[in-house]
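These notes are about the structure you will find just below.
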Amino acid sequence: MDVNQPFSSLEPSYKRVQSIKLLKSCHINTKIMVVLKMNQETKIANELQKMLTENQIPVSVQEDINVLSEKLANGDITLGELENKDQFVEEVIQKAKNRIG
């Protein structure tokens, strides 16, 4: 870099550095928010998966619960949308709610 180079010619690289810093900051903040925001659906989804692993779910609804827990974890469905569904599925979800407190 030429010391005698005018400052105006350095501005684009300075702006680029500032943009990169801002993007990194936004990325870090987004990661923090994702980690901090573990909503009810995610907690229930995790608990349902634990219950599946522990064989705490009746065989008749295991496949349904597995699909629902994935949808809950991905945000494709909410707990509200699961109300008034199959009675056995509702019972399992209520057990998961009770287990997480």
Exercise. Give a yes or no answer on whether the side chain of Q62 reaches the backbone of I57 with a donor-acceptor pair at less than 3.5 Å.
Key: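 Side chain of Q62 to backbone of I57: a pair is present.
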Any side-chain heavy atom of [X] within less than 4.5 Å of one from [Y]?
| X | Y | answer |
| --- | --- | --- |
| Q56 | K95 | no |
| L79 | I44 | yes |
| V92 | D64 | no |

Kindly compute the distance separating [atom1] ([X]) from [atom2] ([Y]), expressed to the nearest 0.5 Å.
| X | Y | atom1 | atom2 | answer |
| --- | --- | --- | --- | --- |
| Q49 | L52 | CD | CG | 5.5 Å |
| L48 | E41 | CG | CD | 11.5 Å |
| L72 | N46 | CG | CG | 10.0 Å |

Quiz prompt | Distance-minimising heavy-atom pair for A96 and E47 | solution =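 A96 and E47 have their closest heavy atoms at O-CG, 3.7 Å.
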Exercise. Return the minimal non-hydrogen interatomic distance between A45 and S69, and the atom names on each side.
Key: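 Nearest pair, atom of A45 first, then S69: CB-O, 3.2 Å.
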Quiz prompt | R99/E54 ion pair, N-O < 4.0 Å | solution = yes
Quiz item: Strictly by modelled atom types, are E91 and Q87 linked by a side-chain donor-acceptor pair under 3.5 Å?
Solution: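 Judged by distance alone, the side chains do pair up.
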Quiz prompt | No-hydrogen, no-angle side-chain donor-acceptor test under 3.5 Å, Q94 and N98 | solution = yes
Self-check item: Exceeds 12 heavy-atom contacts within 6.0 angstrom, atom CD of E90
Solution: yes
Exercise. Indicate, with yes or no, if I65 and V67 share a hydrophobic cluster defined by side-chain heavy-atom contacts under 4.5 Å among Ile, Leu, Val, Met, Phe, Trp and Tyr.
Key: no
